[in-house]
Participant: 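Mind having a look at this structure? Questions to follow.
Order of listing sets the numbers, starting from 1, for every ligand and every atom in it.
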Amino acid sequence: MSFSGDGIFPAVCPLDCPDTCGLLVHKHDGKIIKVEGNPEHPVTKAAICNKVRNMAERVHHPERLLHPLRRVGPKGSGSFEPISWEEAISEIAGRFKKLSVEYGPESILPYSFYGNMGVLSVEGMDRRFFNALGASRLERAICNSAGTAGWKYTMGFGGGTSPEDTVNADLIIVWGGNIISTNMHQVVYAEQARKRGAKVVVIDVHRNRTAQWADWFLPLYPGTDSALALGLMHILFRDGMTDDAFLEQYTIGHQELREHVLAYPPQRVAEITGIAADDIEKLAKMYGEAKVSHIHIGNGLQHHDNGGMNVRSITCLPALTGAWLKTGGGAVKSNSGYNSMNDRALTRPDLRPNRGTRMINMNRIGEALEMKEQPVMGMFVYCSNPVVVAPNADRVRAGFAREDLFTVVHDLFMTDTALYADIVLPATTSFENVDLYSSYWHHYIQLQEPVLEAPGECKSNVEVFALLGRAMGFDAEAFSESEYEMIRKALDYPRNPYLNGVTLERLLNERFVKLDMTPQADYLKNLPTPSGKIELYSKAMQLAGLPALPTYMPLKEGYDGVRRPQPGADYPLMFISPPNHNFLNSNFANIEKHQRMEKRPTLQIHPEDAAARGIGDGDELTVYNARGSIELWAVVTDKMLPGTVISQGLWWEGKGRRQRVNVLTPDRLSDMGNGATFFSGTVEVKRSVEPHDYDMITR
Ligand SMILES: Nc1nc2c(c(=O)[nH]1)N[C@H]1C(S)=C(S)[C@@H](COP(=O)(O)OP(=O)(O)OC[C@H]3O[C@@H](n4cnc5c(=O)[nH]c(N)nc54)[C@H](O)[C@@H]3O)O[C@H]1N2
Ligand SMILES: Nc1nc2c(c(=O)[nH]1)N[C@H]1C(S)=C(S)[C@@H](COP(=O)(O)OP(=O)(O)OC[C@H]3O[C@@H](n4cnc5c(=O)[nH]c(N)nc54)[C@H](O)[C@@H]3O)O[C@H]1N2
Ligand code: SF4
Ligand SMILES: [Mo]
C-alpha cells in the first residue's frame, strides 16, 4: 500500500495506553490535518482521546528534533551543534567500543520504556543491539511489575477477563485506576453494562474523573487496599457469600485463608483504610450478591511499598465468589499474557557474548549512576524520559550530569533528559514507520505502515540500532532484517496458542486481527501456577520471603503503626502523583495546546491541611521532603481524605521553575517485582515566600 499524497490513512496509536486505538490520519500537503478513531476497529471504534485528536500539534511541532546533535556546552545547558548521521554513528560506535575494552561492555546501559509501544521499536532491533554488545540489562520495572508479580503468584497467567465481555457485568469495581483518563474504552463497556443496571464503584485515594462518573466512590488512605480486600474476604466467608464448590475445585488454600481473614474484621479495616465499617459491609454485600462482578485493577495501587500485595489480595476476591465462571466476571490487571510473541527471534539473546550479565533496575537509575565499582560509563536512552519519569529525580539528574558519562538520547524532542546527552539523535514518530502493535487490554493485533514522510533527518529506532549494529561489526544478518521479516518472526510462536492464525498477510489485508481466543475456555483448567490452581495460599511467595497468604503490610515512610505518617512527623502528608488527563506520562507536557488544557502543575490539598498551614486556593506552594523540593499551585479541595495531597501529571521542568513531581518520590522498590513506589512518599507543604513568575508556555 502506498501512503504518499493526501488522503485518509489507517494508523495505530503508539502510546503507552491500554486502548491501542485504531486511528485514521487525514493528510493534506504532506501534513496531518486531523486524527480520528477508525470506526472499523472492533473495540476502539470511532472514539479516541483528546490527546491524540490533537496529535498533529506534536507530530508537526516546530521543536521536533530534525538533525543529530553533539553537545558543545556543559551538560544540561542545552548547547549543541548539528552533526551528520555518519559522524554521530561513528562517534557512538567508537565510544562504545572504547568503553567495552576499558571497562567491559556491562559499563554500557540501555534505558528505555514504552514511549512507542511498537514491538520492533522497543522489543526488537534495540534489544538485538544491546544483546550483541553484551551491555548491562535493564530491569524495566517502572510501570506495573509489582502488581504483575502479585497477580501471577495468584493466577499464574498474565491475563484476565476479555474487555468486550465486561458489558455483562452487574457490578464493576474500578480499583486504583482512573479509566476515564487512562482506558476510555473500558468506560464505554461499563456504560453499556450500566444501561442494563450495573453499578460502578471506584476505590481510590482521590475523587478522580472516574470517581465523579461512578455510582459510588470510596476514598481510602494510600496503600491500604490490601486491608480492604482482606476485610471484604472476612465478610464474604463470615456471611456464607462464598462459592465453596468453586473454592474446592479451582483454588488451593481456602481453608487457611478462611482462618486468616478472621484477623480483619470491619472495625479494624475501617481504622486502617479510613472507610467506615458500614461501607465495608455494604461493599462486601454488593460484591457477594452480584451475579457477574468484574474488578478493574489499576496501576495506582501498585506504585506502593506494598503494591504487589495490594494486587495479590484483590486478585483473590473473584475466586471467593466464583466470579470467574461468569462471562465478563473476574478481574483484569493486564491482558498482555494473551499476546506474547516470539521474543527470542525478535531480541536474539543468542547474540550475547557474555552470560549472566548484570541487571540494573530502571527505578534505581539514580543510584546506579553513583556506583563506584563497575561504574556505568555509557548510556543509550530511547523511548523514555528518565529525568522526568524516574523516582528521586534530582538524584537521577545528578547522575546524568556526570561529565565522565557518555550519554546518547534518541527522541522526538529535546527532553529534560536529552539536555544531558553528549549525542542527541532525532527520532521519527510511529506514523513514519512500519511496526507491530498489541494491546495490554484488548485482543487485537495491529500493523502500522508509514503514513508520513520522516521530517528532516529523523530515523526510527529500528534504523538507528541496525546502523549501530553494523557500525560495531555485529552479525550482519540480524542487523539487516527488514521490518516485515521481523514481524513474521515475531508472530511465528506456536507456544502461544492465542496467536494461532495471526499472520503478517492477514494484518496487511485486515489491519486488525483478533487473537484466537478459543483456548480461553480452558482458562481455569490448567493455570500456570505451581499447583495449577488459583493460589490463595502460595508456597512460592513463602519461598520468596513473603507471607503465603494475602496480608496487609503498611507503607514504610513515616509509618505510625496503623496506616500513615504521624501528625507531628517532619513530612506528614502522603504525596500521590498520578497521570493527568491531557498528557501521556511526560509526552505532550511540552506541547502548548496540551499545557493549556492542563493549565498549570497543581497540588490538591484538603481544606483542613490547607487551613493548618495558612494556605489558600491558588497560592504558590513549596512542596518538599528530604529528597528535594518543587513548586506547585494550591487547589484546596475535599477530593481526598485529610493527610493525602495529589499532584497530577508529569510536567517537565519549567523555565526557572522546579516542578518535576518525581523530585519528591522515593526510589525504594516494592514488596514484589522490584516495582516503583512513586506513591509511597511523604512531604510537607508551605506557601512559597517568593512566588515564581509563571509563564504559561513552560519551555
Ligand atoms: N491520560 C493518560 N492516560 C494514560 C497515562 C497518562 O499519563 N495519561 N499513562 C498510561 C500508563 S503508562 C499507565 S501505566 C496507565 C495508568 O493508569 P491507571 O491504571 O488508571 O493508574 P494511575 O493513573 O497511575 O493511577 C490511578 C489512580 O490510582 C490512585 N491511587 C494512588 N494510590 C492509591 C492507593 O493506594 N489505592 C488506591 N485504591 N488508589 C490509589 C490515584 O489517585 C489515581 O487516581 O495509564 C496509561 N494511560
Ligand atoms: N510520579 C510518577 N512517576 C511516574 C508515573 C506516575 O504515575 N507518577 N508513571 C510511571 C509509569 S506507569 C510509566 S509507564 C513511566 C513512563 O515512562 P516513560 O516511558 O519514560 O515516559 P514517557 O513520558 O512516555 O517518555 C517516552 C519518551 O519516548 C519518546 N518517544 C516516543 N516515540 C519514540 C520513538 O519511536 N523512538 C524514540 N527513540 N523515542 C520515542 C517520547 O518523545 C518521550 O520523550 O513513568 C512512570 N513515572
Ligand atoms: S492514548 Fe489511548 S485512548 Fe488515546 S488514542 Fe491512544 S490508545 Fe486511544
Ligand atoms: Mo505505565
Participant: Could you tell me whether Phe413 approaches ligand 2 through its side chain, its backbone, both or neither, with non-hydrogen atoms closer than 4.0 Å?
Facilitator: neither
Participant: I want to check something: taking the side chain as every heavy atom from C-beta on, are Val202 and Arg207 in contact at a cut-off of under 4.5 Å?
Facilitator: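 Side-chain contact under 4.5 Å: no.
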Participant: Looking only at protein heavy atoms, which one is nearest to atom 30 (N) of ligand 2, and what is the separation?
Facilitator: Leu412 CD1, 3.7 Å
Participant: If we ignore hydrogens and angles and just use 3.5 Å, is the side chain of Asp305 paired with the main-chain N or O of Leu555 as donor and acceptor?
Facilitator: no
Participant: Would you check whether Phe678 reaches within less than 4.0 Å of ligand 2, judged by its heavy atoms?
Facilitator: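 Yes, Phe678 has heavy atoms under 4.0 Å from ligand 2.
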Participant: List every atom of ligand 2 that sits less than 4.0 Å from any heavy atom of Thr415, numbering the atoms from 1 in the order shown and giving each element.
Facilitator: 44 (O)
Participant: At less than 4.0 angstrom from any non-hydrogen atom of Cys143, what atoms of ligand 2 do you find?
Facilitator: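 What qualifies from ligand 2 is 12 (S), 14 (S).
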Participant: With respect to Asp16, determine whether any N or O atom, backbone or side chain, lies less than 3.5 Å from an N or O atom of ligand 2.
Facilitator: no
Participant: Hey, does the side chain of Glu432 reach the backbone of Thr429 with a donor-acceptor pair shorter than 3.5 angstrom?
Facilitator: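 Yes: the side chain of Glu432 pairs with the backbone of Thr429.
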Participant: Could you tell me the residue and atom name of the protein heavy atom closest to atom 34 (C) of ligand 2, and the distance to it rounded to 0.1 Å?
Facilitator: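 The answer is Cys383 SG, 3.6 Å.
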Participant: At what distance is the nearest protein heavy atom to atom 19 (O) of ligand 2, and which residue and atom is it?
Facilitator: Phe113 CB, 3.4 Å
Participant: Provide the protein N, O or S atoms situated under 2.8 Å from atom 8 (Fe) of ligand 3; waters are not included.
Facilitator: Cys21 SG
Participant: Quick check: are there more than 12 heavy atoms from other residues, nucleotides or ligands sitting under 6.0 Å from CD of Glu191?
Facilitator: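 More than 12 heavy atoms, drawn from other residues, nucleotides or ligands, come within 6.0 Å of this atom.
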Participant: For ligand 2, which atoms, with element, lie under 4.0 Å from some heavy atom of Tyr382?
Facilitator: 38 (N)
Participant: I want to confirm something. Looking only at heavy atoms, which of Asn585, Asn587, Asp411, Val661 is nearest to atom 16 (C) of ligand 2?
Facilitator: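 Of the listed residues, Asn585 has the closest heavy atom.
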Participant: Any idea which part of Gln302 is under 4.0 Å from ligand 2, heavy-atom wise: side chain, backbone, both or neither?
Facilitator: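 No part of Gln302 comes within reach of ligand 2.
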Participant: Can you confirm, on distance only, whether ligand 2 has an N/O atom lying under 3.5 Å from any N/O atom belonging to Ser577?
Facilitator: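 Yes: some nitrogen or oxygen of Ser577 is under 3.5 Å from one in ligand 2.
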Participant: Please determine whether any non-hydrogen atom of Phe583 lies less than 4.0 Å from an atom of ligand 2.
Facilitator: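 The answer is no: ligand 2 sits nowhere under 4.0 Å from a heavy atom of Phe583.
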Participant: Distance to 0.1 Å, residue and atom name: give those for the protein heavy atom nearest to atom 38 (N) of ligand 2.
Facilitator: His410 O, 2.9 Å
Participant: For the aromatic rings, using the six-membered ring if either is Trp, is the centroid distance between His41 and His185 under 6.0 Å?
Facilitator: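 Centroid distance His41-His185: not below 6.0 Å, so no.
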Participant: In terms of atom number and element, which parts of ligand 2 are under 4.0 angstrom from non-hydrogen atoms of Arg58?
Facilitator: 41 (C), 42 (O)
Participant: For atom 15 (C) of ligand 2, what's the nearest protein heavy atom and its distance?
Facilitator: Ile142 CG2, 3.8 Å
Participant: Are Phe583 and His594 near enough that their ring centres are under 6.0 Å apart?
Facilitator: no
Participant: With distance as the sole criterion, is a donor-acceptor pair present between the side chains of Glu123 and Thr347 under 3.5 Å?
Facilitator: no
Participant: Counting from 1, what ligand 2 atoms have a heavy atom of Tyr114 closer than 4.0 Å?
Facilitator: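 Listed by number with element: 19 (O).
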Participant: Mark yes or no for whether Lys45, through its side chain, and Asn38, through its backbone, hold a donor-acceptor pair below 3.5 Å.
Facilitator: no
Participant: Please determine whether a side-chain nitrogen of the Lys or Arg among Arg668 and Glu557 lies less than 4.0 Å from a carboxylate oxygen of the Asp or Glu.
Facilitator: yes
Participant: Does the ring centre of Phe465 sit less than 6.0 Å away from the ring centre of Phe380?
Facilitator: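 Yes: the rings meet the under 6.0 Å criterion.
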Participant: I need the atoms of ligand 2 closer than 4.0 Å to a non-hydrogen atom of Phe679, numbered in the order shown.
Facilitator: 7 (O), 8 (N)
Participant: Tell me if the aromatic rings of Phe400 and Tyr420 count as close, with their centers under 6.0 Å from one another.
Facilitator: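 Judged by ring-centre distance (under 6.0 Å), Phe400 and Tyr420 do not meet the cut-off.
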Participant: Could you tell me the residue and atom name of the protein heavy atom closest to atom 31 (C) of ligand 2, and the distance to it rounded to 0.1 Å?
Facilitator: Gly115 O, 3.3 Å
Participant: Has ligand 2 got any nitrogen or oxygen that is less than 3.5 angstrom from a nitrogen or oxygen of Asn662?
Facilitator: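 By distance alone, the answer is yes.
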Participant: Tell me, which protein residue and heavy-atom name are nearest atom 27 (C) of ligand 2, and how many Å apart are they?
Facilitator: Ser384 N, 3.4 Å
Participant: Would you say Asn585's side chain and Asn587's backbone share a donor-acceptor pair under 3.5 angstrom?
Facilitator: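 Answer holds: no.
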Participant: Just wondering, do Ser670 and Gln302 contact through their side chains at under 4.5 Å, heavy atoms?
Facilitator: no
Participant: Determine yes or no for a side-chain-to-main-chain donor-acceptor pair under 3.5 angstrom, with Thr415 supplying the side chain and Thr417 the backbone.
Facilitator: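 Answer holds: yes.
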Participant: With heavy atoms only and a cut-off of under 4.0 Å, state how Leu650 meets ligand 2: side chain, backbone, both or neither.
Facilitator: side chain
Participant: Does Val122 reach the side chain of Val119, with side-chain heavy atoms less than 4.5 Å apart?
Facilitator: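 No, every pair of side-chain atoms sits at 4.5 Å or beyond.
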Participant: Run Tyr382 and Phe113 through ring-ring contact (aromatic ring centres under 6.0 Å, His included) and show every step you take.
Facilitator: CA-CA 7 Å; Tyr382 61 104; Phe113 208 61; over 10 Å; no
Participant: So which of Val409, Asp416, Ile142, Val381 actually passes side chain to side chain contact (heavy atoms under 4.5 Å, CB included) with Pro386?
Facilitator: Val381
Participant: With atom 45 (O) of ligand 2 as the reference point, say which of Asn116, Val388, Val389, Asn299 has the nearest heavy atom.
Facilitator: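 Nearest heavy atom to atom 45 (O) of ligand 2 lies in Val389.
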Participant: Would you say Ser121 touches ligand 2, if touching means a heavy atom closer than 4.0 Å?
Facilitator: no
Participant: Any N or O on His303 sitting closer than 3.5 Å to an N or O of ligand 2?
Facilitator: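 In fact, backbone or side chain, His303 has no N or O that close.
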Participant: Looking at ligand 2, does Ser430 have a heavy atom less than 4.0 Å from it?
Facilitator: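 No, Ser430 has no heavy atoms under 4.0 Å from ligand 2.
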Participant: Using the ring centroid of each side chain, check whether Phe575 and Phe679 are separated by less than 6.0 Å.
Facilitator: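 That pair fails the under 6.0 Å test.
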Participant: Geometry only, no angles: is Asn461 polar-contacting ligand 2 at N/O separations under 3.5 Å?
Facilitator: yes
Participant: Taking only non-hydrogen atoms of Met414, do any sit less than 4.0 angstrom from ligand 2?
Facilitator: no
Participant: Taking the six-membered ring for Trp, are Phe9 and His26 ring centroids under 6.0 Å apart?
Facilitator: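 Ring centroids of Phe9 and His26 are no less than 6.0 Å from each other.
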Participant: With a cut-off of 6.0 Å (strictly less than), are more than 12 heavy atoms of other residues, nucleotides or ligands near NZ of Lys152?
Facilitator: no
